[in-house]
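Letters go in sequence order (proteins before strands), and every chain restarts at 1.
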There are 2 protein chains.
Amino acid sequence: MSADERRESVLRAAIVEFSKGGLAGTSTEDIARRADISQPYLFRLFGTKKELFLAAIERTFDQALTILVAAAGDRTGEEAKMAMADAYRMFLNDRTLLLTQMHAYAACGDDDVRRVTQTSFGKLWLAVAGITGLEDDDLIAFFGHGMLLNMAAAMDLMAVIDLPWVKACLGQELLAEAAHDEANATAKTAEAGVKTAG
Amino acid sequence: MSADERRESVLRAAIVEFSKGGLAGTSTEDIARRADISQPYLFRLFGTKKELFLAAIERTFDQALTILVAAAGDRTGEEAKMAMADAYRMFLNDRTLLLTQMHAYAACGDDDVRRVTQTSFGKLWLAVAGITGLEDDDLIAFFGHGMLLNMAAAMDLMAVIDLPWVKACLGQELLAEAAHDEANATAKTAEAGVKTAG
DNA sequence: CCGAATCTAGTGACTGATCACTTACTTCTG
DNA sequence: CAGAAGTAAGTGATCAGTCACTAGATTCGG
């Protein structure tokens, strides 16, 4: 495998591991094991653990950007916004991307982390602003709602959806999705039950 | 000093230290040093580092709650909302509270952290809902905007306010505040200049 | 009212484990 | 065979948590 291909697979492994413990709480050994390489080779590829973390941050924001741009297609304005909002749930479903991003925000006390996080978030903002052409206030509302969903996903509120305040917090779209998932799960269980019984 | 008083001062020290590195990235030694006690005594008071972290999380949410309740006074509805939104900037100004809370969200991969964070956030939501009596959609918008401000504060966007997208992202109120701070700082610098010159 | 027993606050010195990063090596491939 | 891919075996530092202890206050039986 070429070094570039390796770097790519290490980066993917890193996002998964960093999502659990952040920069300080994740060992290079764990990342190397997941990427199926030796731990010293990880250092040859990325220099330091922090370099790898910074690359992981950039990657999670790039993923978010890619999802949003793809969802918008050649739509603009409110239509593009709706499509993006819909698609953003795909991003939220991958808790590794989301939690790694959370660790990035939390680690902004570090100068390097803050620099990369600012730049990455800025790219995202500018892209959404450019595609939708919305006013600042609308953009603030859009990103604000996105951030609330980030937190909800980080806290895994879907798992405690029976609490009344959680129902309010998640909003109609996610409630519908949860009901849908629930129905699927019930169907699967029933199916399995039939199989077992048969 | 009584053990309870000590616990209180350790908790305050812990929030400051945890805000830099989170659960994994902060040493009990650093916390103990800041609290001016020996490191073993910290363990007598809180059992484990994680227990202390959980207590710190709860405390940061309680602080936020206290600020909002105090700001609302006996107002309700939109008026209470406005007052709370205004006051929330006090919370944002203390980066130790904010970043510790960020570390809590990011660390929600851990079951204990998630439990405490969910509960604390839920208390906050219920309080705001109770005081304002707003509809779910309005609450979502309110908390959403709050979360965006959280991120902005975590990334310290005020420090890079000259970037155009940052101006858009922070909104009118914070821009005005920034201009005000700027004026103050300039006045202070001028004053100091005069003193030096004299 | 004295002193023995008990309790509370607090510490210095240690330990076993973990971890980022290095050195010096091997193996594969064009 | 040159250089790129890849590794085994460390090293020094850090750190959560423990142990065994001291100083002073409080209580209580005689």
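In this structure, CG of L52(B) is placed 16 Å from P of dC15(D), rounded to the nearest angstrom. One can place CG of L45(A) at 8 Å from P of dA5(D), the figure rounded to the nearest angstrom. For the pair F53(A) CZ and dA20(C) P, the interatomic distance rounds to 13 Å; values are reported in whole Å. Following rounding to the nearest Å, D30(B) (CG) and dC15(D) (P) show an atom-to-atom distance of 7 Å. The interatomic distance linking E17(B) (CD) with dT14(D) (P) rounds to 16 Å, in whole Å. Rounded to an integer number of Å, the gap from CZ of R44(B) to C1' of dA20(D) is 11 Å. What separates CZ of F46(A) from C1' of dT22(C) is a distance of 19 Å, to the nearest Å. A straight line from CE of M1(A) to P of dG6(D) spans 7 Å, rounded to a whole angstrom.
Listed nucleotides: dA8(D), dC21(C), dA9(C). Nearest to the side chain of A3(B): dA9(C). For S27(B), counting side-chain heavy atoms from C-beta on, the closest listed nucleotide (dA24(C), dT23(C), dA16(D)) is dA16(D). Taking the side chain of Y41(B) as heavy atoms from C-beta on, and the options dA9(C), dA5(D), dA20(C), the nearest nucleotide is dA9(C). Listed nucleotides dT7(D), dG12(C), dA20(D) differ in distance to S38(A); the shortest reach to its side chain belongs to dT7(D). Candidate nucleotides dG10(C), dA5(D), dA20(C) were compared by shortest atom distance to the side chain of T28(A), and dA20(C) ranks first. Comparing dT18(D), dT22(C), dT11(C) by their closest approach to the side chain of F43(B) singles out dT18(D). Relative to the side chain of I37(A), the nucleotides dG6(D), dC19(C), dT7(D) differ in distance, and dT7(D) lies closest.
For the 3.5 Å distance criterion, the side chains of T96(A) and D94(A) qualify, holding a donor opposite an acceptor.
Residue-to-nucleotide contacts include a donor-acceptor pair under 3.5 Å from the side chain of Q39(A) to the base of dC21(C).
Judged purely by atom type and a 3.5 angstrom limit, K20(A) has no side-chain atom pairing as donor or acceptor with the backbone of G109(B).
Ring geometry for W165(B) against W125(A) counts as tilted: the plane angle lies between 30° and 60°, on a 0 to 90° scale.
In plain terms, the two heavy atoms of H103(B) and S19(B) that are nearest each other are NE2-O, 3.4 Å.
Considering only heavy atoms from C-beta on, Y105(A) stays 4.5 Å or farther from Y105(B) through its side chain.
Counting non-hydrogen atoms under 4.0 angstrom, R6(B) reaches the backbone sugars and phosphates but no base.
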